[in-house]
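For reference, the structure is listed below as structure tokens.
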Amino acid sequence: RPTPVNVTVTGAAGQIGYALLFRVASGQLLGPDTPVRLRLLEIPQGVKAAEGTAMELDDCAFPLLAGIDIVDDPRAGFEGANVALLVGARPRTAGMERGDLLSANGGIFKPQGEAINAGAADDIRVLVVGNPANTNALIAASHAPDVPSSRFTAMTRLDHNRALSQLAKKTGAAVTDIEQLTIWGNHSATQYPDIFHASIGGRPAAEVVNDQAWLENDFIPTVAKRGAAIIEARGASSAASAANAAIDHVHDWVNGTTPGGWTSAAIVSDGSYGVPEGLISSFPVTSTGGEWEIVQGLEIDEFSRGRIDASVAELVEERDAVKGLGLI
Ligand code: NAX
């Protein structure tokens, strides 16, 4: 029997945690042949609820689940971790300024980055889900100097999946017919879902859609503001779909993307497409051998350029703000 992979999940008692843990334990994160040992990292107030979730995990008798530990100390949380899903974060509450939000999250992601640096396994792979995800990933990465920055990523896969689904609905295609769609930039309302390199059943997506007004006034805002629409409808933010996207992201990172296709993930920029080096920004990506790679050589027209630049400008602002706060 193979050695279990250590998967740490922060915010394990939250709603995404509840939707995520059962899928990790059932083998959907790493595949049907890989046993997992779960480490649930919560704040002290969250420990009891995490224990309840662990009881339910026990009650599933998952064949691949090799054990569960629950901790409230980041050092213990990341000791020996191979995969870290950083879900717990400080949400924006009424009256909170952006600086307050970034500071509060710096107080979470700085010690977590340090703990990953101190104790995680050499092959550690980190996915940040907790918002502001790109900048939280940047904070964590900057406090883990011994871990390659390519191991810190942030989630835009939910945005990617939302875009796939909207495009399928509009064109009557199956989601599996759509390829090479991209989310660029920040996981925020400025993100740019780009269909100009996508194909639907082998035809250029923009040609199949043939409706620039729909693209600008419907598709892009619907994808970018989907999170708010879910809150409005459900009375709670996206949880199962966010957990699903986290599973997709790590699964593809570890097992590889399908040949010829690509997906979207926020990874550290090497300067590609004019995105300043070091920012954690969403790109079209492939994964082989456990490493993300940015798809190169795409032609970016003026419309897309403006959208990408606007989202990247927001990431630069967030980076400068956390720099100003001494968080990176
Ligand atoms: P919940 O409020 O249900 O759960 C968050 C959990 O994190 C709580 O149990 C809390 O005790 C725990 N927590 C807080 N600080 C912690 C720390 N320092 N260490 C460990 N645990 C800590 O939120 P939930 O709905 O699960 O959402 C979690 C995060 O995902 C939020 O920041 C949310 O904004 C973000 N999202 C990101 C998405 C993305 O696409 N990147 C989409 C979904 C979601 O909105």
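Order of appearance sets the numbers: ligands from 1, and atoms from 1 within every ligand. In this text, all values refer to a predicted model and were calculated from it rather than measured experimentally. FYI, the numbering just counts along the sequence from 1.
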For [X], state whether at least one heavy atom is located under 4.0 Å from any atom of ligand 1.
X: Gly46; value: no
X: Gln112; value: yes
X: Ser238; value: yes
X: Pro91; value: no

Out of all atoms in ligand 1, which are within 4.0 Å of some heavy atom of [X]? Include the element for each.
X: Ala13; answer: 9 (O)
X: Ser237; answer: 25 (O)
X: Leu158; answer: 40 (O), 42 (C)
X: Val87; answer: 28 (C), 29 (C), 30 (O)
X: Leu41; answer: 20 (C), 21 (N)

**OP:** Could you tell me whether Lys170 and Asp211 have a side-chain N and a carboxylate O separated by less than 4.0 Å?
**Re:** yes

Original post:
Taking NZ, NE, NH1 and NH2 as the nitrogens, is one of them in Glu114 or Lys110 under 4.0 Å from a carboxylate oxygen of the other?
Top reply: yes

Minimum-distance protein heavy atom relative to [atom]:
atom: atom 5 (C) of ligand 1; result: Gly14 CA, 4.1 Å
atom: atom 36 (N) of ligand 1; result: Asn131 ND2, 3.4 Å
atom: atom 10 (C) of ligand 1; result: Glu42 OE1, 3.5 Å
atom: atom 43 (C) of ligand 1; result: Ala242 CB, 3.6 Å
atom: atom 39 (C) of ligand 1; result: His187 NE2, 3.1 Å
atom: atom 6 (C) of ligand 1; result: Gly11 CA, 3.6 Å
atom: atom 17 (C) of ligand 1; result: Ile43 CG2, 3.5 Å
atom: atom 18 (N) of ligand 1; result: Ile108 CG2, 3.4 Å

Subject >> Contact check: Val128 vs ligand 1, nitrogen or oxygen atoms, below 3.5 angstrom >> reply: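 No.
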
Original post:
Does Thr10, backbone or side chain, put an N or O under 3.5 Å from an N or O of ligand 1?
Top reply: no

Original post:
Are any non-hydrogen protein atoms located under 4.0 Å from atom 2 (O) of ligand 1?
Top reply: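 So far as the 4.0 Å threshold goes, atom 2 (O) of ligand 1 is out of reach of every protein heavy atom.
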
Would you confirm whether [X], through its side chain, and [Y], through its main-chain N or O, come within 3.5 Å as a donor-acceptor pair?
X: Ser26; Y: Arg23; answer: yes
X: Thr156; Y: Ser282; answer: no
X: Asp72; Y: Glu42; answer: no

**OP:** Step by step, work out the ring-ring contact (aromatic ring centres under 6.0 Å, His included) result for His160 and Trp262.
**Re:** CA-CA 11 Å; His160 182 95; Trp262 75 58; 9.2 Å; no

Subject >> In one Ile/Leu/Val/Met/Phe/Trp/Tyr side-chain cluster, 4.5 Å: Ile139, Val312 >> reply: no

**OP:** Tell me, please, which residues at least two apart from Tyr273 pass side chain to side chain donor-acceptor pair (under 3.5 Å).
**Re:**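 Here no residue qualifies.
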
Original post:
Say you draw a straight line from CD1 of Ile231 to OG of Ser238; how long is it, rounded to the nearest 0.5 Å?
Top reply: 7.0 Å

Decide yes or no for [X] and [Y]: does some side-chain heavy atom of the first lie under 4.5 Å from some side-chain heavy atom of the second?
X: Asn117; Y: Pro145; result: yes
X: Phe109; Y: Val128; result: yes
X: Ser287; Y: Trp292; result: yes

Original post:
Taking atom 37 (C) of ligand 1 as the point of reference, which of Ile16, Asp73, Leu86, Val129 owns the nearest heavy atom?
Top reply: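 Considering heavy atoms of Ile16, Asp73, Leu86, Val129, the nearest to atom 37 (C) of ligand 1 sits in Val129.
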
